[in-house]
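Numbers here simply count residues along the sequence, with the first being 1.
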Amino acid sequence: MAAMDSLFLLFLIPLIPLSLLAILALIVRPRPIKIPIKSRHVFVTGGSSGIGLALAQRAASEGARVSILARSAEKLEEAKKLIQLATGVEVATFSADVRDYDAVSKAIDESGPIDVLVVNQGVFVAKELVNHSPEDVKFTIDVNLVGSFNVIKAALPAMKARKDRGPASISLVSSQAGQVGIYGYAAYSATKFGLQGLAQALQQEVIADDVHVTLIFPPDTDTPGFEEEQKSRPEVTAIIAASSGSMKTEEVARKAMEGIKAGKFTVSCNFEGFLLSLATTGMSPQRSCWLAFLEVITAGPIRLVALFFQWDWYKAIEKWSKTKTK
């Protein structure tokens, strides 16, 4: 009898995860998709520098027709020359402030129907909220969050109306600070968290039009903005940020483009970001039954890891606070 029970258990142990995997294969939505880049129109906001410039250059190198939008006409011209030098492709440039819906709408109309929209613009200042001016906070919200609504709203009608052009993509560049709140990033994190709610709701609204949403979570990235931010970020912010490390712009762009082409909803750029995605997945769509399986079975252990990270961060804050009061 004991031998029979052991054999039954040996049969049952693999049956449970296999059954879960089979169920997930039936229920994950939306379904897997491939987003072509070659010979398609890729429109990148914040495309004159940093991650946006690297994404525009990568798209051009893969045969896309590329348009970039930013505020500075001078920086756009420099970016245009850099991309042409690197790829031999001439990109279209549009100077507009994403806070100005009319200006954004005009630029997008002039650029023509968009197949792949990358909403990348962003500003951030690492500073405790008590030291932020109301103008700083409003500027951050207006560029990062309201600007994203403006860009998507301006591009969406033509994207929904396109005929026989294949699947389209809307990608929003968030941040690991849009997955977990970080000391000194109150205003910035609020806007980047907001992008997740926007992306989840938007995916439900546009899936019937074969438009697929991707949410990208880069860590600290070697961009001009990051270099400037390091000069004034609080000491505690630097200690916490060091736990995830930083990445080169080109590597982030490569990871992001791979995720866009694979139609992923969530794109992590490093291992720490992948763990964060598992810990914070919530109601995010998941196209892969394998990743959905991993999210389900690791929910408890990953939460434990997250608590250890939080413990480490709060210990750093306590230590810094004691030093400050001496």
Rounded distance (nearest 0.5 Å) linking atom [atom1] of [X] with atom [atom2] of [Y]:
X	Y	atom1	atom2	answer
T214	K261	OG1	NZ	12.5 Å
K264	Q286	NZ	CD	9.0 Å
S169	D210	OG	CG	11.0 Å
R58	T249	CZ	OG1	12.0 Å
L117	I152	CG	CD1	6.5 Å
C269	I51	SG	CD1	7.0 Å

Looking at [X], I want to see if its [atom1] is surrounded by more than 12 non-hydrogen atoms of other residues, nucleotides or ligands under 6.0 Å.
X	atom1	answer
E110	CD	yes
K192	NZ	yes
K160	NZ	yes

Is it true that [X] and [Y] fall in one hydrophobic cluster, defined by side-chain heavy atoms closer than 4.5 Å?
X	Y	answer
I114	V44	no
L85	I68	no
F43	L202	yes
F149	V211	yes
L156	V213	yes

Next item on the list: Dump the intermediate steps for side-chain hydrogen bond (donor to acceptor under 3.5 Å, both in side chains) on Q196 and S284, then the final yes or no.
Entry: CA-CA 8 Å; Q196 183 153 190; S284 295; 3.2 Å; yes

Hey, is the main chain of [Y] close enough, under 3.5 Å, to the side chain of [X] for a donor-acceptor pair?
X	Y	result
T280	L276	yes
N144	V123	yes
T221	P219	yes
T191	L145	no
N120	G46	yes
D97	R71	no

Notebook entry, point to check: Does any donor atom in the side chain of S48 or E78 lie under 3.5 Å from an acceptor atom in the other side chain?
Noted result: no

Note to self: Could you check whether T266 and S277, counting side-chain N and O atoms only, form a donor-acceptor pair closer than 3.5 Å?
What the structure shows: no

[Y] side chain reached by [X] side chain, heavy atoms, under 4.5 Å:
X	Y	answer
R65	H41	yes
Q200	F265	yes
Q84	V91	no
M159	D209	no
D136	V125	no
V66	I83	no
S49	K75	no
V146	R99	no

Next item on the list: Start with the C-alpha distance between Q121 and S148, add both sets of side-chain angles, then the distance that settles side-chain hydrogen bond (donor to acceptor under 3.5 Å, both in side chains), and finish with yes or no.
Entry: CA-CA 8 Å; Q121 83 286 338; S148 298; 3.3 Å; yes

Taking all heavy atoms of [X] and all of [Y], pick out the closest pair and write down the distance.
X	Y	value
L215	L195	CD1-O, 4.0 Å
L55	A253	CD2-O, 3.6 Å
V98	N150	O-ND2, 2.8 Å
V267	G259	CG2-CA, 3.6 Å
R162	A168	NH2-N, 3.3 Å
T237	Y183	OG1-O, 2.7 Å

Item checked: E258/R254 salt bridge by N-O under 4.0 Å criterion -> yes

Next item on the list: Could you please spell out the steps behind the side chain to side chain contact (heavy atoms under 4.5 Å, CB included) verdict for K153 and V104?
Entry: CA-CA 10 Å; K153 183 170 174 58; V104 169; over 6 Å; no

Notebook entry, point to check: Parallel, tilted or perpendicular: which fits the ring planes of F271 and F274, with parallel below 30° and perpendicular above 60°?
Noted result: tilted

Item checked: Listed partners of F124 passing ring-ring contact (aromatic ring centres under 6.0 Å, His included), at least two apart -> Y188

Notebook entry, point to check: Can you check side chain to side chain contact (heavy atoms under 4.5 Å, CB included) on D220 and M247, steps first, answer last?
Noted result: CA-CA 6 Å; D220 283 343; M247 291 180 67; over 6 Å; no

